[in-house]
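Down below is the structure, laid out as structure tokens.
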Amino acid sequence: MEAEKEKKVRVRLAPSPTGTLHIGTARVALFNYLFAKKQQGVFILRIEDTDAARSEDRFEKNIIEGLRWLGIEWDEGVISDQGQSYIGDYGPYKQSERTEIYLKYIKKLLDKDKAYYCFCSQEELKAKKEYQMSIGQPPHYDEKCKQLTAEEIEKNIAEGKRFTIRFKTPLKKIAFNDLVRGKVEFDTNLIDDFTIAKGSKENITPLFHLAVVVDDQEMEISHVIRGEDHISNTPKQILLQEALEFPRPEYAHLPLILGPDKSKLSKRHGAVAISEYQQQGYLPETMINFMAFLGWNPGGEKEIYSLASLIEEFSLDGVHKGGAIFNMQRLDFLNAFYIRKKPLMELTELCLPYLLSSGLIKKTDDIVWLSKIIQAYQERLKKLSEIPELVDFFFQEIEYDKELLRWKGMTDEDIRKTLDKTEEVLEKIEPEDFNKENLQNIIMAEAEAIGAGDRGKLLWPLRAALTGKKASAGPFEIMEILGKEKTMERIKKAKALFK
RNA sequence: GGCCUUAUCGUCUAGUGGCCCAGGACGUCGCCCUCUCACGGCGAAAACACGGGUUCGACUCCCGUUAAGGUCACCA
């Protein structure tokens with residue numbers, strides 16, 4: 001045990017580029033990262049793209065960009081989707097470029113008679129599987145090819161037949177100590193002779209279990225921290241390690257993120273890609289804080305943590321065994337919280353792309369002026385993507401809905417009078433004195449006078465005239481931002497409805 | 001179905017035998033602030049799945065039941 005502690009901590013995230021960065025994968029990445037940083041260890045990004053048919057460069061790119069956006073940096077691994085770029089001393093960190101290494105071990109297994117060629121067709125296998133299911137048996141490979149002679153094998157290969165290589169699963173009990181669940185035990189009679197490679201004479205590609213086991217060994221992975229959905233893969237991989245005489249890494253299986261129906265979070269539950277959350281205007285700090293607290297917490301009552309403070313507190317001991325339901329309301333709450341905390345100019349910069357793409361602003365617009373608008377809405381923003389609809393009235397002409405201007409039973413006459421009075425008062429203020437404080441002092445006094453206890457009589461029509469909305473920021477800061485000229489224009493236009 | 005796993009408010013969770021007729025947060029509801037919407041403040045409702053043990057004492061330990069999830073590919 002003591003010697004174990006001396007060992008350098010090396011952990012990895014091993015995504016396959018067959019889809020965008022899933023929030024579950026991102027959380028696994030975060031936990032690996034936190035664990036590594038806490039132990040002064042190494043966090044590795046390894047791309048598992050052995051499935052050439054399903055792997056795509058754009059997904060690899062999406063994964064890399066997503067991780068970077070979250071601020072989860074890796075010490076070794078793939079650093080770009082452009083060609084072969086890696087950091088670290090363990091060869092390529094992309095499985096498609098490590099075939100030679102796998103072949104060496106596959107040969108070893110074959111030579112030691114721990115694996116064999118299988119020429120069964122997929123149709124054949126599928127039919128057998130369906131039959132087994134139909135009579136209520138677990139689907140299991142029937143080991144038909146296990147007894148093939150060397151001559152038969154050679155003949156088949158020479159003929160160019162496609163094959164798989166299967167591992168001869170020995171009968172035994174496999175137990176391992178899971179760092180989050182404790183002792184987990186499997187009986188291998190439930191495991192069939194699973195495939196470790198596929199191909200033909202010309203070209204052999206390794207399959208998942210083999211590639212994982214070989215890479216974890218070659219890359220000296222000390223702890224395999226992954227999702228609970230891998231727990232049943234663990235005995236197979238341990239079997240492979242034993243056959244290859246590899247030491248066994250520590251295992252930790254994290255609980256899953258669940259949808260509202262308590263099943264594994266997937267597309268049918270809504271957005272699952274980190275990039276989608278990014279587009280919707282969630283901040284990376286929101287995602288980090290949120291993901292960290294799904295299935296883990298440091299024990300106290302503090303709930304707001306940065307990535308750095310998370311590293312301080314992190315321990316696998318605090319990881320739960322049960323899955324956690326993804327709670328959108330909490331995500332929104334956290335995002336609103338972090339938005340409120342953002343320095344104004346930073347928040348303004350973050351809002352720019354949304355404003356630009358909505359066509360409300362141009363690149364040349366005054367950023368200081370824009371920041372005033374953002375400031376007025378900072379505490380009302382839940383996600384960045386909401387900003388255009390909230391502030392569009394600053395940039396566009398308003399088409400009024402007459403009834404929107406009406407406050408609690410006021411007649412047309414009442415409204416016109418109060419707007420007249422407001423206009424008159426405002427007219428006396430110099431453009432340079434059109435600031436929030438000054439406007440508030442003057443208008444509030446007037447509102448008290450006109451409203452006789454109900455300031456809404458003046459304030460509501462004013463704000464509605466200014467914004468055309470039933471909900472908005474306060475009228476004083478809006479007038480300051482709009483300036484005197486536009487303010488007066490809008491009041492006049494609104495007033496025209498009540499002539 | 002086999003195997004593996006899990007089980008505290010609606011949700012995320014604190015709780016590691018007495019500090020708990022169970023604490024915090026989100027959400028919900030009410031009140032205050034208030035022209036509106038937010039923010040902020042105050043307050044409320046809301047949970048130990050069930051049944052057996054063990055123990056002077058169980059949310060905490062053991063067994064069972066129930067429920068839920070994961071997994072059973074020439075995907076990873």
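Below, read A as the first sequence line, B as the second, and so on, with proteins coming before strands; counting in each chain starts at 1.
Nucleic acid contact for K129(A): sugar-phosphate only, since backbone atoms but no base atoms lie under 4.0 Å from a heavy atom of the residue. Among the protein residues, K457(A) comes within range of no part of the nucleic acid, since none of its heavy atoms lies under 4.0 Å from any strand. Heavy atoms of N233(A) sit under 4.0 angstrom from at least one base atom. Base contact: E303(A) has a heavy atom under 4.0 Å from a base atom. When heavy atoms are screened at a 4.0 angstrom cut-off, S263(A) is found touching the sugar-phosphate backbone but no base atom. Within the 4.0 angstrom heavy-atom criterion, no nucleotide atom of any strand lies near R46(A). Using a 4.0 Å heavy-atom cutoff across all strands shown, K470(A) reaches at least one base atom of the nucleic acid.
Among C26(B), G23(B), A76(B), the nucleotide with an atom closest to any side-chain atom of S16(A) is A76(B). Picking from C35(B), C3(B), A25(B) the nucleotide with the shortest atom distance to the side chain of F186(A) gives C3(B). Distance from the side chain of R463(A) is smallest to C35(B) among U13(B), A76(B), C35(B). If you check C35(B), C75(B), C12(B) against the side chain of A324(A), the one that comes closest is C12(B).
When atom types are taken as modelled, the side chain of D49(A) and the backbone of S96(A) share a donor-acceptor pair closer than 3.5 angstrom.
For the P atoms, the distance linking C63(B) with U5(B) amounts to 12 Å, nearest Å. Across C48(B) and C21(B), the matching C1' atoms stand 12 Å from one another, rounded to whole Å. On the P atoms, U55(B) is 44 Å away from C72(B), given to the nearest whole Å. Across G17(B) and A22(B), the matching C1' atoms stand 15 Å from one another, rounded to whole Å. Atom name C1', nucleotides C19(B) and A38(B): the rounded distance is 40 Å, in whole Å. Rounded to the nearest Å, the gap between the C1' atom of A7(B) and that of G40(B) is 38 Å. Straight-line distance between the P atoms of G41(B) and U6(B): roughly 39 Å, to the nearest whole Å. Separation of the C1' atoms belonging to U8(B) and A47(B) is 6 Å when rounded to the nearest angstrom.
Between F31(A) and H223(A), a ring centre-to-centre spacing not shorter than 6.0 Å is recorded. Separation of the F326(A) and H269(A) ring centroids does not fall under the 6.0 Å cut-off. Taking the six-membered ring for Trp and the full ring otherwise, Y282(A) and Y338(A) have centroids separated by 6.0 Å or more. Checked against the 6.0 Å centroid threshold, F167(A) and Y116(A) do not count as a close aromatic pair.
Within a 6.0 Å radius of NZ in K342(A), more than 12 heavy atoms belonging to other residues, nucleotides or ligands are found.
Aromatic ring pairs are classed by plane angle as parallel below 30°, tilted from 30° to 60° and perpendicular above 60°; the pair F293(A) and W296(A) is perpendicular.
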Atom pairs under 3.5 Å: protein N/O with N/O of nucleotides 8-10 of chain B:
none

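Protein atom NZ of K128(A) is 12 Å distant from nucleotide atom P of C74(B), rounded to whole Å. When the C1' atom of C37(B) is taken as reference, atom CD1 of I387(A) falls 14 Å away, rounded to whole Å.
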Q: For side chain to side chain contact (heavy atoms under 4.5 Å, CB included), just list the numbers for L70(A) and L30(A), CA-CA rounded to whole Å, side-chain angles, deciding distance to a tenth of an Å, and then say yes or no.
A: CA-CA 9 Å; L70(A) 289 169; L30(A) 174 63; over 6 Å; no
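For the atom pair CD (Q378(A)) and CZ (R340(A)), the distance works out to 9.5 Å, reported to the nearest 0.5 Å.
Taking for each of F326(A) and L331(A) the nucleotide of RNA chain B with the nearest heavy atom, the 5'-most of the two is the partner of F326(A).
At a cut-off of 3.5 Å, with distance as the only test, a side-chain donor of H209(A) or Q237(A) sits close to an acceptor on the other residue.
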(Q) For nucleotides 38-48 of chain B, give me one character per nucleotide, 5' to 3': B if any protein heavy atom sits under 4.0 Å from the base, S if the only such contacts are to the sugar-phosphate, - if neither. (A) BSS--------
